[in-house]
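As structure tokens, the structure follows; a few thoughts come after it.
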Amino acid sequence: MLSEILIIVIRGIAIGSIFATIAMSFNIVHGATNIFNFAQGNMFILGGFAAYFLANQVGLGQWTLMLLLSGLLIAAVVTIQGYITLLPLRSSVEQDSWLISTVSVSVIVAALLMITQGPFAYSVSSIVPSFRILGTRTPGAYALAIVAMLFWYFALRFFLRKTFIGLAISALSQDFDAARAAGLPVRRLQLISFAISGLMVGTVGFLVAPVISVSPDAGLKYVLNGFVAAVVGGIGSNAGTLIGGPLVGVVAMLTAYKVGGAYQDLASLLVLVLILMFRPQGLFGRVGARRV
Amino acid sequence: MQAATNIQTGPVSMAETKPKGRFNSDLTQVWIGVGLIAITGFGPVIAGNSYWIHTFQLVNIFIAAAIFQNMLFVDAGQKSFGQGAILGLAAYVTAILYGLHGWSFAAASIGGIVAAMLGGLLFALPALRVQGFHLGFVTMSAAIVFPQLLVTLDKWTNGINGISVTVPALTNPFVLGMSPLAIAVAVFPMIALFVHYGIRRSKLGRSMFVAALSPEAARSLGIKPGVMRFVAFVIAAVGTGICGILYLPTVAFVSPQGFNIELSFVFFFAVVVGGRGQMLGPIIGIWIVYILPNILLAGFVEYRLLMYGCLTLLAVMAFPDGIVGSVERLRAKRKQTGGGEQAFRIDGFLADLQAGKTAREPSEEIAVEVRNGTKKFGEVVAVSAVDLKVRKGEVHGLIGANGSGKTSLLNVLSGLSRLNSGSFMINGVEATNLAADRIANMSLGRTFQAPRIFSQMSLWDNLKIGMDARVGPASADITALAKAMEESFGQDSATLLSHGQRRLVEVMRTVLKEATIVLFDEPAAGLSQSERTNFANLVKFLSRQMGKTVILVEHDLDLVWGIADTITVLEQGRVVSSGKPDVVAKDPAVQHMFVGSRHA
């Protein structure tokens with residue numbers, strides 16, 4: 001009984017690591033643009049489809065190459081999407097068109113997948129073998145999910161603090177107008193942040209494809225859980241997502257175990273509503289000084 | 001009296017030679033909409049085509065739901081992706097109570113509406129605290145979870161098989177070959193249009209709108225933005241719930257697939273494609289988004305979602321105002337009035353207001369008192385142990401360099417931020433921990449560094465939100481002033497006003513509100529020299545003729561010394577000098593401020 005719970009917690013942490021990585025990919029784009037990409041879940045699923053095609057159809061043997069290719073492909077798609085999303089913001093005073101355009105891109109991607117691939121869930125074989133924890137076989141992709149989360153956390157940390165482009169993106173998120181006035185190429189930096197977010201979900205989607213449902217309608221589930229992870233951790237706080245993601249994952253897995261799999265999304269919704277009601281800045285977020 | 005005569009300089013020409021075009025075409029659009037709904041609602045019945053009867057019944061129900069989405073989206077600023085779930089909730093609960101438990105349809109419908117309201121509350125509760133994309137995600141996940149629950153809770157819902165119902169009393173012919181249902185389905189979208197129009201014209205509608213566009217401005221006018229969002233969600237839920245109840249006998253069947261997120265997207269996308277905020281938008285939007293893929297291109301049903309997505313993306317990119325919005329923009333551009341120097345002159349109004357009154361000097365009573373007030377932002381101490389007394393009816397200047405804590409102090413006084421320690425009183429009432437809307441209702445008004453002017457509202461509506469913010473009934477003077485301003489500015493646009501005129505609009509809001517204490521945050525910034533002179537006279541007028549207490553944060557020292565009765569100098573959050581202008585001017589502690597100024 002206890003070991004069962006332990007296994008569920010471990011799997012929850014693993015699934016939650018995926019949510020955490022998606023949450024971090026939200027954060028980098030949000031910091032640079034104030035945009036929340038509603039299509040991010042579908043971009044993640046596209047990474048899963050990339051894994052399926054690269055492994056099963058194209059037959060590229062080298063998985064490192066496939067991983068890189070998958071990441072770059074999704075990065076390219078998200079960059080194009082970012083470009084489209086930013087276009088109307090250039091001229092219009094009304095700044096919430098991004099919400100509509102990212103939602104419609106999300107719908108378009110899901111519809112295209114549905115038309116070309118059908119409503120089925122594709123199974124992808126794992127690149128690493130499964131392993132035993134407490135006597136239970138655990139797919140290797142769960143371990144990869146945690147590794148990917150930690151990799152992206154530290155990679156972003158390094159990038160945002162030590163590289164010129166990363167520092168410039170940090171500057172954008174702290175004071176947009178000052179960064180623009182200082183002569184930073186705002187639009188290019190924003191596109192780079194979109195590209196990085198695509199690289200993140202593309203690689204993670206590739207790695208965890210064996211343990212997720214690679215189907216056209218799965219994207220929404222991941223965009224929502226990623227958002228809940230970001231909110232629980234505090235929007236903008238990558239360190240927060242390391243806690244927020246696994247927390248949401250564990251809640252989802254425990255719900256599936258105790259109540260039923262069909263209630264997973266309901267549990268995430270309740271977590272979201274509760275945190276917004278009682279701690280809208282998230283567990284680790286700060287309340288910013290208001291400018292009037 | 002000196003001040004008042006000065007204000008009257010300049011031509012007082014309010015005479016309009018040509019009649020103004022309407023500021024917006026809302027009412028016209030409502031009537032066109034009623035006509036279109038009547039054609040699609042009654043036309044097929046008269047023609048006797050049962051396919052079109054059924055199709056347009058569903059279309060009209062969706063139009064009504066999209067109208068409430070439009071109100072929620074634009075008038076209240078709430079992006080909900082979950083209105084389809086609300087509609088489904090009402091339809092399902094009614095179906096369960098009527099079809100499975102044998103309730104009467106009327107009783108079951110009430111159950112359905114209550115369920116829709118509860119669903120709306122789920123959306124609205126987080127809205128009390130947060131807004132924007134947060135709510136987008138909340139409503140979207142609700143729309144995803146809803147059909148899942150319908151399948152899982154099959155004990156109550158029949159699961160994937162759905163529930164079939166017939167309501168003969170509603171679907172049998174009633175008058176002129178039309179069933180009561182057909183009449184209800186044709187009339188309800190019209191009612192929805194009038195409800196939307198009515199809300200937009202009401203105090204509630206204006207308050208929702210201001211709360212959505214500028215929460216700080218709303219709070220400083222006594223509006224609680226969270227409550228406004230809450231109310232909007234509940235109104236939309238009730239309206240959408242009625243759509244769900246009409247849906248049930250129209251389709252005679254409910255199943256989980258009927259209420260997946262696609263339905264919510266249809267309503268949202270219809271509003272965007274048709275034209276956000278336009279009365280006709282949801283009608284045209286549903287026609288395009290729903291009819292085009294589902295009926296004209298019925299052979300390509302699997303491409304439906306793709307078409308929704310592409311149409312909406314195209315709309316955002318190519319014509320962000322939507323179809324109706326683009327047409328309306330052309331019309332409004334041609335008819336727009338309210339530009340130029342004469343667009344907003346208030347001298348005439350003030351002369352009327354002042355007629356027959358004598359000037360008053362400031363009293364010795366205290367209007368605002370801060371005791372040992374400290375405000376920190378993290379480690380930064382913005383206001384440090386400040387003591388301040390402002391007498392009733394005086395003009396009190398707050399000066400100091402950038403970052404000396406003037407605006408922070410002003411924000412504390414208007415309740416937009418709280419003191420970390422110390423206290424302050426307004427008219428002798430403890431106000432330290434009161435929210436901004438409560439303080440606003442204690443007869444306090446303020447302006448902002450960047451004037452909060454809303455271009456979507458007419459110039460008069462921009463002023464009228466000051467009337468809305470009143471606590472008691474208006475005095476005869478103010479009623480007359482409001483009436484005169486409505487006549488002058490009712491159809492004018494606020495878009496073309498200059499910066500100085502925008503500032504005046506904000507000031508007049510506080511006059512209409514009859515705020516007895518007015519806070520000005522750098523009012524002269526961006527004003528021309530002559531505008532500054534006029535403004536100085538206006539402040540004198542507010543103080544001496546209308547008896548208002550004025551707290552003025554300003555960098556223009558000449559202006560402050562010209563009008564202030566008392567001046568308080570802040571430096572790094574502390575009060576370094578305070579007193580009558582001539583005394584402060586000689587204070588050695590503030591001499592360095594006058595370098596380059598004529599007071600040096």
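Chain A is the first sequence line, chain B the second, and so forth, proteins listed ahead of strands; every chain is numbered from 1.
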For B:A142 against A:L269, the heavy-atom pair lying closest together: CA-CD2, 3.8 Å

Steps toward side-chain contact (heavy atoms from CB on, under 4.5 Å) verdict (A:V103, B:K79): CA-CA 11 Å; A:V103 168; B:K79 284 86 185 166; over 6 Å; no

Separation between OG1 of B:T152 and CG of A:L266, rounded to the nearest 0.5 Å: 9.0 Å

Chain B contact via A:V223 - side chain, backbone, both or neither, heavy atoms under 4.5 Å: both

Side chain, backbone, both or neither of B:F265 within contact of chain A (heavy atoms, under 4.5 Å): side chain

Straight-line distance of B:F268 CZ to A:I100 CD1, nearest 0.5 Å: 4.5 Å

Pairwise side-chain contact, B:Q148 with A:D265, heavy-atom cut-off 4.5 Å (strictly under): yes

Distance (rounded to the nearest 0.5 Å) between B:M317 CE and A:S104 OG: 9.5 Å

Polar side-chain atom of B:R129 near backbone of A:L276 as donor-acceptor pair, under 3.5 Å: no

Per-residue contact mode, A:L272 against chain B (heavy atom under 4.5 angstrom): side chain

Atom pair CG (A:L99) and CZ (B:F81), whose distance is rounded to the nearest 0.5 Å: 4.5 Å

Segment of A:F278 engaging chain B (4.5 angstrom heavy-atom cut-off): backbone

Which portion of A:L274 sits near chain B, non-hydrogen atoms under 4.5 angstrom: neither

Interface moiety of A:M114 toward chain B, non-hydrogen atoms closer than 4.5 Å: neither

Contact class of A:V105 relative to chain B, heavy atoms under 4.5 angstrom: side chain

Residue, of B:L311, B:V272, B:L410, that accumulates the most heavy atom pairs under 4.5 Å with chain A: B:V272

CD1 on B:I144 to CG on A:L224, rounded to 0.5 Å: 4.0 Å

Contacting moiety of A:I108, where chain B heavy atoms sit under 4.5 Å: both

Aromatic ring pairing A:F227/B:F137, orientation class (parallel under 30°, perpendicular over 60°, tilted between): parallel

Contact leader toward chain A among B:L128, B:V316, B:T312, where contacts are heavy-atom pairs under 4.5 Å: B:V316

